[in-house]
There are 2 protein chains.
Amino acid sequence: MDIQYAILGFLSWRPFSGYDLKKIISESDLFYWSGNNNQIYKSLIDLHQTNQVTQQILYQENLPSRKVYTITEKGIHTLRAWLLSHPELPEFRNNFMIQLAWADPLSKEEMDALLGTYEEEIDVQLRMRLVQAQAQRAPQRTPRESYLWARISENMTASYQHELDWVREVRKALNEEKFMS
Amino acid sequence: MDIQYAILGFLSWRPFSGYDLKKIISESDLFYWSGNNNQIYKSLIDLHQTNQVTQQILYQENLPSRKVYTITEKGIHTLRAWLLSHPELPEFRNNFMIQLAWADPLSKEEMDALLGTYEEEIDVQLRMRLVQAQAQRAPQRTPRESYLWARISENMTASYQHELDWVREVRKALNEEKFMS
DNA sequence: CTTGTCATGTAAGAGGTTACATGATTCG
DNA sequence: CGAATCATGTAACCTCTTACATGACAAG
């Protein structure tokens with residue numbers, strides 16, 4: 001469960017409740033999970049049982065109690081071991097590429113409409129990222145950490161930007177009448 | 001099950017056995033599934049039961065029989081409906097970015113080693129893609145289809161290339177002594 | 001004489017998602 | 001008056017992976 005490491009990472013920043021993590025993860029696309037309760041609450045229970053985090057219940061007036069989790073030394077060790085472990089390759093899962101791979105039976109107009117819809121979708125995503133960039137707050141404990149978070153965010157933005165450039169180029173080429181069908 | 005559409009796509013090209021599809025999918029990274037038996041054989045049984053493909057058993061001497069599947073009109077319709085359906089956004093799942101996000105506790109040397117390993121991994125992947133590019137054979141039924149497959153392949157290669165450029169830049173910046181830790 | 005290929009399939013389980021359930025409070 | 005937020009958790013289900021099982025033949 002890779003999400004456990006992501007959660008340990010957050011808790012290495014500062015204590016969080018399950019609800020906090022759920023919100024952060026579901027709004028992030030670096031932390032690509034849907035942010036569903038099942039995974040997060042189960043992970044926290046598991047981390048607690050294995051003494052990688054401690055649990056603190058905060059009773060609140062007129063609001064449900066919060067369970068706030070704090071990382072332990074053991075948790076920090078697990079995280080560090082993972083940080084030093086062999087990096088995984090990125091997974092580029094792009095169902096649209098598969099759609100295109102079999103799209104030759106479509107007419108010129110249908111193909112252009114399909115590419116146009118994709119272009120629009122990517123464009124919306126890019127604009128949303130640019131707006132949210134300010135709202136995103138990263139742990140800024142050292143200049144290096146701030147730098148890393150900025151670069152990671154840039155990496156994701158660039159991925160969408162390249163996708164947008166790509167689809168515009170393909171669309172243009174297909175409209176240049178070289179391909180009759 | 002998106003893999004069903006991928007399979008229907010292949011069968012819209014020409015008939016295949018489950019074993020054929022398994023090999024193609026497990027060697028491809030556009031078709032990003034692992035290519036395990038379970039999914040592919042189950043999908044084919046399902047497609048057969050819903051009359052989207054027909055099954056033909058070819059008995060062979062000294063070899064196990066092959067079940068070769070051919071797409072039906074109904075299958076072609078399902079595929080066409082999917083081709084015209086709303087494109088999904090790509091999913092960039094990059095566990096290494098998550099690793100980096102929490103990597104600030106690492107020393108300068110450990111960080112550089114981590115980035116170096118990632119750089120190496122991506123580089124290997126890129127080289128492998130360039131070698132396999134010739135081996136890859138696409139359906140070349142029309143010039144447009146050939147063009148699309150070439151561009152799709154380029155899209156994937158470019159993703160790795162950008163990742164490589166990115167990691168080299170980050171690594172360089174972190175070694176420029178601006179960040180002491 | 002073990003490993004790999006051909007070719008089918010099943011079993012077990014991890015990983016992940018949507019939806020439901022509770023119950024008080026606040027916002028439009 | 002309905003919806004959203006806070007906050008926890010469970011149920012049901014889909015997706016996907018690894019590993020196992022068969023059995024003949026070929027190659028190192």
Side-chain angles (χ1 to χ4, degrees), chain A residues 1-8 10 15-50 53 55-69 82 88-89 91-95 98, chain B residues 1-8 10 15-50 53 55-69 82 88-89 91-95 98:
Chain A
M1 257 208 263
D2 278 330
I3 201 176
Q4 288 223 8
Y5 296 115
I7 290 172
L8 272 182
F10 278 106
F16 284 100
S17 71
Y19 189 75
D20 295 333
L21 293 169
K22 173 203 162 95
K23 278 212 309 186
I24 294 171
I25 291 173
S26 62
E27 280 162 19
S28 161
D29 61 332
L30 167 62
F31 301 94
Y32 51 79
W33 298 273
S34 75
N36 66 91
N37 292 354
N38 216 326
Q39 251 182 313
I40 292 167
Y41 286 97
K42 279 230 169 68
S43 291
L44 286 169
I45 289 166
D46 201 75
L47 288 171
H48 187 222
Q49 280 173 348
T50 53
V53 300
Q55 194 193 61
Q56 202 179 344
I57 302 178
L58 298 184
Y59 297 93
Q60 306 180 106
E61 277 181 51
N62 303 335
L63 277 177
S65 304
R66 310 178 68 217
K67 292 191 181 172
V68 175
Y69 294 90
W82 178 67
E88 289 171 50
L89 284 171
E91 288 176 54
F92 304 112
R93 300 187 173 201
N94 196 333
N95 279 331
I98 297 176
Chain B
M1 257 207 265
D2 278 330
I3 202 177
Q4 288 224 7
Y5 296 115
I7 291 173
L8 273 182
F10 278 106
F16 284 101
S17 71
Y19 189 76
D20 294 334
L21 293 169
K22 173 202 163 97
K23 278 212 307 185
I24 294 171
I25 291 172
S26 63
E27 279 161 21
S28 162
D29 60 333
L30 167 62
F31 301 94
Y32 51 78
W33 299 272
S34 75
N36 67 90
N37 293 354
N38 214 326
Q39 250 180 315
I40 292 167
Y41 286 96
K42 281 231 167 70
S43 291
L44 285 169
I45 289 165
D46 200 75
L47 288 171
H48 188 221
Q49 280 174 347
T50 53
V53 301
Q55 193 192 61
Q56 201 179 347
I57 302 177
L58 299 184
Y59 298 93
Q60 308 180 103
E61 275 181 51
N62 303 336
L63 276 177
S65 304
R66 308 180 70 219
K67 293 190 179 171
V68 175
Y69 295 91
W82 178 67
E88 289 172 49
L89 284 171
E91 287 176 55
F92 304 113
R93 300 187 174 201
N94 195 334
N95 280 330
I98 298 176

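Numbers restart at 1 for each chain; the letters A, B, ... are given by sequence-line order, proteins then strands.
For A:Leu63, the listed nucleotide lying nearest its side chain is D:dC6; candidates were D:dT8, D:dT18, D:dC6. Minimum atom distance to the side chain of B:Lys67 is reached by C:dT8, of the listed C:dA11, D:dA12, C:dT8. Of the listed nucleotides (D:dC16, D:dC6, C:dT17), C:dT17 has the atom at the smallest distance from the side chain of A:Asn38. Set against D:dT17, C:dT8, D:dC6, the side chain of B:Gln39 has D:dT17 as its closest nucleotide. Here C:dT8 is the nucleotide among D:dG9, D:dT18, C:dT8 with the atom lying nearest to any side-chain atom of B:Tyr41. Relative to the side chain of A:Ser34, the nucleotides D:dG9, D:dA7, C:dT17 differ in distance, and C:dT17 lies closest. Set against C:dG23, C:dT17, C:dA7, the side chain of B:Gln60 has C:dA7 as its closest nucleotide. The side chain of B:Asn36 approaches D:dC16 more closely than any other nucleotide in the set D:dC16, C:dT17, C:dC6. Comparing C:dG23, D:dT8, C:dT8 by their nearest atom to the side chain of B:Tyr19 picks out C:dT8.
In this structure, B:Leu47 and B:Tyr69 have side chains that are not in contact, with every pair of non-hydrogen atoms separated by 4.5 Å or more. Looking at B:Ile98 and A:Trp82, their side chains come closer than 4.5 Å, going by heavy atoms from C-beta outward. You'll find the side chain of A:Leu44 reaches within 4.5 Å of the side chain of A:Leu21, heavy atoms only.
Separating the NZ atom of A:Lys42 from the P atom of D:dT8 is a distance of 15 Å, rounded to the nearest angstrom. Between B:Trp33 atom CH2 and D:dT18 atom P there is a gap of 15 Å when expressed in whole angstrom units. Atom CD1 in B:Ile25 sits roughly 16 Å away from atom C1' in C:dA7 (whole-Å rounding). Rounded to a whole Å, the CD atom of A:Glu61 is 13 Å from the C1' atom of C:dT25. Taking atom CD on A:Glu91 and atom C1' on D:dT17, their separation rounds to 12 Å, with Å as the unit. Rounding to whole angstrom units, OH of residue B:Tyr32 and C1' of D:dC16 are separated by 11 Å. Rounded to whole Å, atom P of D:dC6 lies 15 Å from atom CD1 of A:Ile40.
Counted by atom type alone, B:Ser43 and B:Asp46 present zero donor-acceptor pairs between their side chains at under 3.5 Å.
Nearest-nucleotide positions on DNA chain C place B:Ser17 closer to the 5' end than the other of A:Gly35 and B:Ser17. Residues B:Arg93 and B:Ser65 both approach DNA chain C. Their nearest nucleotides, taken by heavy-atom distance, put B:Ser65 toward the 5′ side.
Between the side chain of A:Asn37 and the base of D:dG9, a donor-acceptor pair under 3.5 Å is found. Remark: the B:Asp2 side chain and the D:dT15 base include no donor-acceptor N/O pair separated by less than 3.5 Å.
Atom CZ of B:Phe31 has more than 12 heavy atoms from other residues, nucleotides or ligands within 6.0 Å.
In plain terms, the two heavy atoms of A:Trp33 and A:Gln39 that are nearest each other are CD1-NE2, 3.8 Å.
Across all strands shown, B:Lys22 has no heavy atoms under 4.0 Å from either base or sugar-phosphate atoms. Within the nucleic acid shown, B:Asn62 comes within 4.0 Å of sugar-phosphate atoms alone, with no base atom in reach, counting heavy atoms only.
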